[in-house]
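Note that this is a predicted model, so its numbers are computed, not measured.
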Amino acid sequence: MVDFKGSHHPKDVILYAVFFYVRYAVSYRDLEEIMAERGVAVDHATLNRWVVNYSPLIACEAHRRKSPTSSSWRMDETYIQVKGKWCYFYRAVDKFGKTLDFMLSEHRDEAAASNFFAHAIKNSGWPEKVVIDKSGANLAGLQNMNWLLLRQGWFWLIEILQVKYLNNIIEQDHRFIKKLTRPMKGFKSFKCASATLDGIEVAHMIRKRQFPSNGQSAFQQFAALAA
């Protein structure tokens with residue numbers, strides 16, 4: 001459950017603004033006008049604060065409530081501009097394209113890859129197979145996970161495949177993320193970028209029908225994650 005105490009605006013108004021921003025390619029000033037047309041006076045700085053504060057909390061609930069995913073993974077990273085510099089957005093989907101996990105990092109190295117895989121395993125369980133590109137850092141990160149399995153006395157290891165064409169599914173999946181982040185023209189802080197990407201990924205998971213809909217609209221499903 002997401003705590004909305006302390007806000008002067010109703011929860012539904014906050015959630016509508018956050019959902020609209022992470023689902024559609026709009027600026028905060030555009031969203032300020034959209035909210036005003038609906039009778040809600042809220043400035044763009046407040047809208048930004050709502051996205052930064054609430055998107056990560058809703059993403060945590062999304063990880064907890066998402067439908068079961070396959071143990072065959074596809075992992076890759078894409079580029080996100082933060083304060084004029086490129087950061088690395090690690091992402092993983094299963095073989096059917098369902099979102100497993102995501103993480104923004106300032107670095108693209110073994111430590112970042114290991115961090116991502118540990119986070120993904122915590123949220124989605126241990127995979128049987130992971131397809132990656134030719135990145136040595138990603139390979140080392142997965143080998144670190146296998147080392148953990150060996151230390152814990154497991155008799156099986158994660159199968160690692162470095163086959164580019166098998167990773168097409170996640171490279172295609174990056175397009176939705178880039179479509180929404182491109183009009184934003186970069187982020188002013190790492191915290192803002194990470195939080196916004198959390199929200200965008202949740203909206204994308206809803207599009208992929210990764211939550212029981214019970215006939216609800218996309219916004220209603222988003223709001224239900226905060227209930």
Notebook entry, point to check: At their closest point, which heavy atom of Ala62 faces which heavy atom of Val202, and how far apart are they?
Noted result: CB-CG2, 3.9 Å
Checklist line | Where Val40 and His9 come nearest, the two heavy atoms and their spacing | finding: CG1-CD2, 4.1 Å
Note to self: Any side-chain to backbone donor/acceptor pair from Arg65 onto Ala224? Under 3.5 Å, distance only.
What the structure shows: yes
Residues 95-106 side chain polar contacts: donor-acceptor under 3.5 Å, at least two apart:
unit_1, atom_1, unit_2, atom_2, d
Lys98, NZ, Lys208, O, 2.5
Thr99, OG1, Lys208, NZ, 2.7
Asp101, OD1, His63, NE2, 3.3
Asp101, OD1, His119, ND1, 3.3
Asp101, OD2, His119, ND1, 2.8
Asp101, OD2, Ala120, N, 3.3
Asp101, OD2, Asn123, ND2, 3.0
Ser105, OG, His107, N, 3.0
Ser105, OG, His107, O, 2.7

Check: From Leu225 CG over to Glu61 CD, what is the distance, rounded to the nearest 0.5 angstrom?
Finding: 7.0 Å
Notebook entry, point to check: Between atom CD of Gln143 and atom CZ of Phe117, what is the distance when rounded to the nearest 0.5 Å?
Noted result: 10.5 Å
Checklist line | Residue of the set Val93, Asn138, Leu142, Val131 for which side chain to side chain contact (heavy atoms under 4.5 Å, CB included) holds with Met75 | finding: Asn138
Check: Nearest heavy-atom pair of Ser124 and Thr69: which atoms, and what distance?
Finding: CB-OG1, 4.4 Å
Check: So how far is it from Ile121 CD1 to Leu148 CG, rounded to the nearest 0.5 Å?
Finding: 8.0 Å
Item checked: Centroid-centroid distance, Tyr79 to Phe89, less than 6.0 Å -> no
Margin query: Looking at every heavy atom in both Arg74 and Asp94, which two are closest together, and how far apart are they?
Written below: CG-O, 4.3 Å
Next item on the list: Quick one: which residue pairs count as a ring pair (Phe, Tyr, Trp, His ring centres under 6.0 Å) with a foot in residues 131-166, not counting sequence neighbours?
Entry: Trp154-Trp156
Item checked: His44 NE2 to Arg29 CZ distance, which is reported to the nearest 0.5 Å -> 3.5 Å
Item checked: Any donor-acceptor N/O pair, Ser114 side chain to Glu110 backbone, under 3.5 Å -> yes
Notebook entry, point to check: How many angstroms lie between atom CG of Asn144 and atom CG of Leu149, to the nearest 0.5 angstrom?
Noted result: 11.5 Å
Margin query: Working note: Ile158 + Trp73, criterion side-chain contact (heavy atoms from CB on, under 4.5 Å); need CA distance, chi angles, decisive distance, verdict.
Written below: CA-CA 10 Å; Ile158 300 168; Trp73 295 10; over 6 Å; no
Item checked: Nearest heavy-atom neighbours spanning Asp198 and Ala59 -> CB-CB, 3.8 Å
Next item on the list: Apply the test side-chain contact (heavy atoms from CB on, under 4.5 Å) to residues Ile58 and Leu15: give CA-CA distance (whole Å), side-chain angles for both, the deciding distance (0.1 Å), then the verdict.
Entry: CA-CA 10 Å; Ile58 294 170; Leu15 286 171; 3.7 Å; yes
Next item on the list: Determine, step by step, whether Ser55 and Tyr21 satisfy the side-chain contact (heavy atoms from CB on, under 4.5 Å) criterion, reporting the C-alpha distance in whole Å, the side-chain angles of both residues, the deciding distance to 0.1 Å, and the verdict.
Entry: CA-CA 11 Å; Ser55 286; Tyr21 186 74; over 6 Å; no
Notebook entry, point to check: Considering residues, nucleotides and ligands other than Glu128, do more than 12 of their heavy atoms fall under 6.0 Å from its CD?
Noted result: no
Notebook entry, point to check: Which pair of heavy atoms, one from Asn48 and one from Cys192, lies closest together, and at what distance?
Noted result: ND2-SG, 3.5 Å
Item checked: ring pair (Phe, Tyr, Trp, His ring centres under 6.0 Å) pairs, two or more places apart, involving residues 200-227 -> Tyr16-Phe219, Phe19-Phe219, Phe19-Phe222, Phe176-His204
Item checked: Neighbour count above 12 (heavy atom, 6.0 Å) for Arg38 CZ -> yes
Note to self: Are there over 12 heavy-atom neighbours, none belonging to Lys178, within less than 6.0 Å of that residue's NZ?
What the structure shows: yes
Next item on the list: Could you tell me whether a side-chain N or O of Lys134 sits under 3.5 Å from a main-chain N or O of Gln162, the two making a donor and an acceptor?
Entry: yes
Margin query: Run the side-chain contact (heavy atoms from CB on, under 4.5 Å) test on Met145 and Val130 for me, step by step, so that the C-alpha distance in whole Å, both residues' side-chain angles and the decisive distance to 0.1 Å come before the verdict.
Written below: CA-CA 11 Å; Met145 298 303 103; Val130 180; over 6 Å; no
Check: Looking at CG of Leu180 and CD1 of Ile200, how far apart are the two atoms once the value is rounded to the nearest 0.5 Å?
Finding: 5.0 Å
